Protein chains: 2
Amino acid sequence: MEGDLAKSALHRGVGVALWRQIGDEIRRGIGAGLEDENGRLPPEAELAARFGVNRHTVRAAIAALIHEGVLRSEQGRGTYVRRQKRLTYPIGARTRFSAGLEGQVRERQIELLGHTHEPATATIATALDLRPSEDVIRLEMRGLADGVPVSRSTAWFPAARFPDIASYFAEKHSITEALALSGINDYRRASTTIEARHADDTDTRDLKLSPGAIVLVARGINVDGDGRPIQYSQTRFSADRVELTVSAG
Amino acid sequence: MEGDLAKSALHRGVGVALWRQIGDEIRRGIGAGLEDENGRLPPEAELAARFGVNRHTVRAAIAALIHEGVLRSEQGRGTYVRRQKRLTYPIGARTRFSAGLEGQVRERQIELLGHTHEPATATIATALDLRPSEDVIRLEMRGLADGVPVSRSTAWFPAARFPDIASYFAEKHSITEALALSGINDYRRASTTIEARHADDTDTRDLKLSPGAIVLVARGINVDGDGRPIQYSQTRFSADRVELTVSAG
DNA sequence: AACAATTTGTCCGTATGTATA
DNA sequence: TTATACATACGGACAAATTGT
């Protein structure tokens, strides 16, 4: 069942080139028995036979994965997987996106890409329990793990209650600490919804994804001790580099 | 920000046809301001201008979405969105995949596609806290909402403890009730991990997806009142038809 | 009823990209 | 490298259906 590439059929004329379908299959096969204990993939000729395609087509797939940094190949030796285990992000009542990665990465960092002061859209106003068009502050952030972009998030805060959240965040590089400076010493995640879609243009740029990559989208509302909404956020994760885990409350 | 298709760039030569990229954009634009209050899309000529492509290319994208059942078009009138709101599946300690859809669909159903009695793989044995190669019973199931396939799941149970789980499930069409017949009156979801990937061949067949579609994969362990693992499961959801929600414990 | 404007459906041809041998 | 077949993308022209005047 695992890593069984042989049964996987390819489809022609569906708008996705064969070499790209094969690339997706190889990506999925990695870590599921496709490579050997040394991280070496089967030779191109064998892969071509398994998929039932010409060796040139497999080479195109491998070239793309090398370009993405997933594989590396050495003439005469073979093609190898660059080790990159998926990060696991915890989701739950105590979710803090900046935390929860201990032991998984050496270095993590959240960049502030920009911030605005603007009226809330209908969606945001509802989520934050504000009057329509009441002002919010929007932060645009990017999370990196060991220098690799893994998340891209947008967060909205009620401007009246958190006028200085942007500068606090710029100073501390942490939502939890920026909220603490604003007088919020505890908060929890009231709800999170998760969906998946293809990366759009912003995603491919900010997360350094290849077009056609998949992003996991997590939308959530944080509330203070009294249950009042203090933050609405939408985070896009690279589905290749991240998985989410829901721990029992 | 919402429904802003104009800024979205297309990418040539990346192995994904333009018409397919445009199809993804339209799919994403639906519900975010692309269609008007009657569910009508902008005319093909206008979409072509926005995307900077030929009308034929837009037509190819629309044809694919019509084939998928997302759109419908009428000569001389326009192209319309077939209303189909995304299902929301709750994930949490009390997760029961068969439940939680009340009010969202008229009719729901879980089919048993097959079952086996087999030795556990290393992964399964670890998850269920079994000795290596101890026997498990595997159920293959498919969930439908109003006749449309939305989930495809595989569940493993310790064979020693639940010898008749397959026949119980075949009778009741519910995991909760099948476990109840096995003497488990309460259980909870200890952990869930969520990832996203492209649909493989099995997914496209069983969930009636188009090749290149996205699936959300949820892996979870259910434990009994004493915290002993009773079930490991892996469920694939069509990302187009489903979102997951994590409610606060 | 008649006509114009709008929009989708179909046909032609041509150039480029993808995949095989 | 070359040749071949098919999918993709473009451009234009016109037919068919619907709506508004």
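Since this is a predicted model, take the numbers as computed values, not measurements. Chain identifiers are assigned alphabetically (A, B, ...) following the order of the sequence lines, protein sequences preceding nucleic acid strands; residue numbering begins at 1 within each chain.
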Query raised in the report: Take atom CZ in A:R59; do more than 12 heavy atoms of anything else shown fall under 6.0 Å from it?
Result: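 Atom CZ in A:R59 is not packed in, count stays at 12 or less.
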Selection from [options] that lies nearest to any side-chain heavy atom of [X]:
{"X": "B:N54", "options": "D:dT8, D:dG11, C:dT8", "result": "D:dG11"}
{"X": "A:W19", "options": "C:dT18, C:dT8, D:dA9", "result": "C:dT18"}
{"X": "B:A17", "options": "C:dT8, C:dA19, D:dT8", "result": "D:dT8"}
{"X": "B:Q75", "options": "D:dA17, D:dT8, C:dA19", "result": "D:dA17"}

Requested in this report: Taking atom types as modelled, find out whether A:H11 and B:D201 have a side-chain donor-acceptor pair closer than 3.5 angstrom.
Outcome: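 Judged by distance alone, the side chains do pair up.
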Report task. Record whether the side chain of B:H56 comes under 3.5 Å of the base of D:dG12 through a donor-acceptor pair of N or O atoms. Result ->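 Flag set: donor-acceptor pair detected.
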Does [X] place a side-chain N or O at less than 4.0 Å from the phosphate oxygens OP1/OP2 of [N]?
{"X": "A:R55", "N": "C:dA19", "value": "no"}
{"X": "B:R59", "N": "C:dG9", "value": "yes"}
{"X": "B:T57", "N": "D:dC10", "value": "yes"}
{"X": "B:R77", "N": "D:dT19", "value": "yes"}
{"X": "B:S73", "N": "C:dT7", "value": "no"}

Distance in angstrom units between [X] [atom1] and [N] [atom2], rounded:
{"X": "B:L47", "N": "C:dT6", "atom1": "CG", "atom2": "P", "answer": "17 Å"}
{"X": "B:E46", "N": "C:dT8", "atom1": "CD", "atom2": "C1'", "answer": "15 Å"}
{"X": "A:I22", "N": "C:dA19", "atom1": "CD1", "atom2": "C1'", "answer": "10 Å"}
{"X": "A:L18", "N": "D:dC6", "atom1": "CG", "atom2": "P", "answer": "15 Å"}
{"X": "A:R12", "N": "C:dA19", "atom1": "CZ", "atom2": "C1'", "answer": "7 Å"}
{"X": "B:R40", "N": "D:dT18", "atom1": "CZ", "atom2": "P", "answer": "14 Å"}
{"X": "B:Y80", "N": "D:dT19", "atom1": "OH", "atom2": "C1'", "answer": "10 Å"}
{"X": "A:H11", "N": "D:dT8", "atom1": "NE2", "atom2": "P", "answer": "14 Å"}

Report task. Identify the heavy atoms of A:L216 and A:V242 that sit nearest to each other, and give their distance. Result ->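 Heavy atoms only, the tightest pair is CD1-O, 4.0 Å.
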Query raised in the report: Do you know the tightest heavy-atom contact between B:L47 and B:P42?
Result: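 So the two residues come closest at CD1-O, 3.6 Å.
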Query raised in the report: Reckon B:R20 touches a base, only the sugar-phosphate, or nothing at all at heavy-atom distances under 4.0 Å?
Result: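 Nothing, no nucleic acid heavy atom in range.
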Requested in this report: For the residue pair A:R241 and A:L209, establish whether any side-chain heavy-atom pair is separated by less than 4.5 Å.
Outcome: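 Counting from C-beta outward, A:R241 and A:L209 do come under 4.5 Å.
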